[in-house]
2 protein chains.
Amino acid sequence: MKSAVRQQHVARAKIIKAMAHPSRLFIIEELHDKERCVGELTEMIGVDASTVSKHLTVLKNAGLVMDEKRGNSIFYTLRCPCIMDFIGCVEDVLSTNAEENAAVLKCLNRGTKK
Amino acid sequence: MKSAVRQQHVARAKIIKAMAHPSRLFIIEELHDKERCVGELTEMIGVDASTVSKHLTVLKNAGLVMDEKRGNSIFYTLRCPCIMDFIGCVEDVLSTNAEENAAVLKCLNRGTKK
DNA sequence: TGGCTATTTGGCTATATTGCCAAATACCAG
DNA sequence: CTGGTATTTGGCAATATAGCCAAATAGCCA
């Protein structure tokens with residue numbers, strides 16, 4: 001693979017990898033509605049605050065969120081709302097998979113019945 | 001976080017994680033153009049055939065590709081072309097990041113020049 | 001059958017990721 | 001300054017991932 005193309009895929013993979021975790025997906029969706037501080041997200045997700053902080057660092061390094069300190073808290077916002085389109089695409093895949101599974105199940109049932 | 005919501009994010013994260021690797025992104029793009037067998041992809045990517053095979057297994061388990069044996073080879077195809085929209089979204093993020101970086105650089109230059 | 005090609009599987013090592021805890025840091029209110 | 005809250009950092013253990021090699025499997029052709 002040519003190096004320039006390779007580099008392009010590495011760059012894209014970095015962004016995608018940053019989204020590839022349930023808690024981080026949750027954060028992205030939550031921030032789409034409104035800005036949130038670490039404490040709020042921590043309570044919603046239900047893991048240690050330091051863990052949430054690290055997830056937010058991952059998202060920030062990928063350029064997906066921004067932070068802003070106000071008073072005693074740090075508020076995070078989504079930097080690219082287009083990210084939600086992204087999640088829409090994933091849902092399409094999931095529903096395709098679900099249909100397939102349903103078809104397979106139906107097929108199996110037909111086989112065993114009788 | 002409620003369990004149902006949590007499960008939804010776990011399911012989505014699985015799909016996204018399957019895409020979160022440079023070689024797998026390459027494979028997805030390549031399969032968007034046309035079906036390919038393992039050998040072709042192996043040569044294009046330039047890693048061991050067993051590694052490519054494992055990447056394809058990851059993509060297949062996520063429901064992103066399908067395989068079909070014909071003759072001596074196994075051909076892989078993209079199951080959800082919508083995946084390419086997904087990559088378009090990633091490019092949006094990358095260009096947003098690039099603009100930001102450009103702005104920062106400009107700002108720095110302005111600072112040092114004088 | 002035997003040899004050949006294509007692909008997958010198992011095993012291994014190196015590296016990366018996740019999550020917790022404890023400690024450090026930053027900021028606000030008295 | 002002191003105490004309290006919010007967040008990040010460092011360190012550690014458990015687990016997951018990526019890649020290679022060697023071996024197993026599957027199908028073709030002679």
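All values reported here derive from a predicted model rather than from experimental measurement. Below, chains carry the letters A, B, ... as their sequence lines are ordered, and counting in each starts from 1.
A 3.5 Å limit on both hydrogen-bonding distances identifies dG4(D) as the Watson-Crick or G-U partner of dC27(C).
Contact check, H21(B) against dG19(D): a side-chain N or O comes under 4.0 Å of OP1 or OP2. For dG19(D), one of the phosphate oxygens OP1 or OP2 lies less than 4.0 angstrom from a side-chain nitrogen or oxygen of H55(B). Under 4.0 angstrom from either OP1 or OP2 of dG19(C) there lies no side-chain N or O belonging to T51(A).
Distance, I74(B) CD1 to dT5(C) C1': 12 Å, rounded to whole Å. Rounded to an integer number of Å, the gap from CD of E43(B) to C1' of dA6(C) is 14 Å. Between the NZ atom of K17(B) and the C1' atom of dT15(D) there is a distance of 10 Å, given to the nearest Å. Atom-to-atom, CG of D48(A) to C1' of dT8(D) comes out at 11 Å; the value is rounded to the nearest Å. Per the geometry, CG belonging to N61(A) stands 13 Å off C1' belonging to dT8(D), to the nearest Å. The NZ-P distance, from K60(B) to dT7(C), rounds to 12 Å in whole Å. The nearest whole Å value for the distance from the CG atom in N72(A) to the P atom in dG30(C) is 13 Å. Remark: P of dT17(C) and CD1 of I16(B) are 16 Å apart, rounded to the nearest angstrom.
Using a 4.0 Å heavy-atom criterion, one finds that R70(B) contacts no nucleic acid atom at all. Within 4.0 Å of K69(A), counting heavy atoms only, lie sugar-phosphate atoms of the nucleic acid but no base atom. The residue Y76(A) sits close only to the backbone: its heavy atoms come under 4.0 Å of sugar-phosphate atoms, none of a base. In this structure, S73(B) reaches the sugar-phosphate backbone alone: every heavy-atom distance under 4.0 Å involves primed, P, OP1 or OP2 atoms, never a base.
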* To do: Start with the C-alpha gap between R36(B) and E43(B), add the side-chain angles, then the distance that decides, and say whether salt bridge (charged side-chain N to carboxylate O under 4.0 Å, His left out) holds.
  => CA-CA 11 Å; R36(B) 295 285 190 185; E43(B) 182 166 5; over 6 Å; no

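Rounding to the nearest 0.5 angstrom, the gap separating the CG atom in L41(A) from the CG atom in L31(A) is 5.5 Å.
Between R24(B) and E30(B), no side-chain nitrogen of the basic residue sits less than 4.0 Å from a carboxylate oxygen of the acidic one, so the salt-bridge criterion is not met.
Cation-pi contact between R70(A) and F75(A): present, with separation from the ring centre below 6.0 Å and deviation from the ring axis of at most 45°.
A search for side chain to side chain donor-acceptor pair (under 3.5 Å) contacts involving N61(B) returns nothing, not counting sequence neighbours.
Ranked by how close their nearest DNA chain C nucleotide is to the 5' end, S50(B) and K54(A) are led by S50(B).
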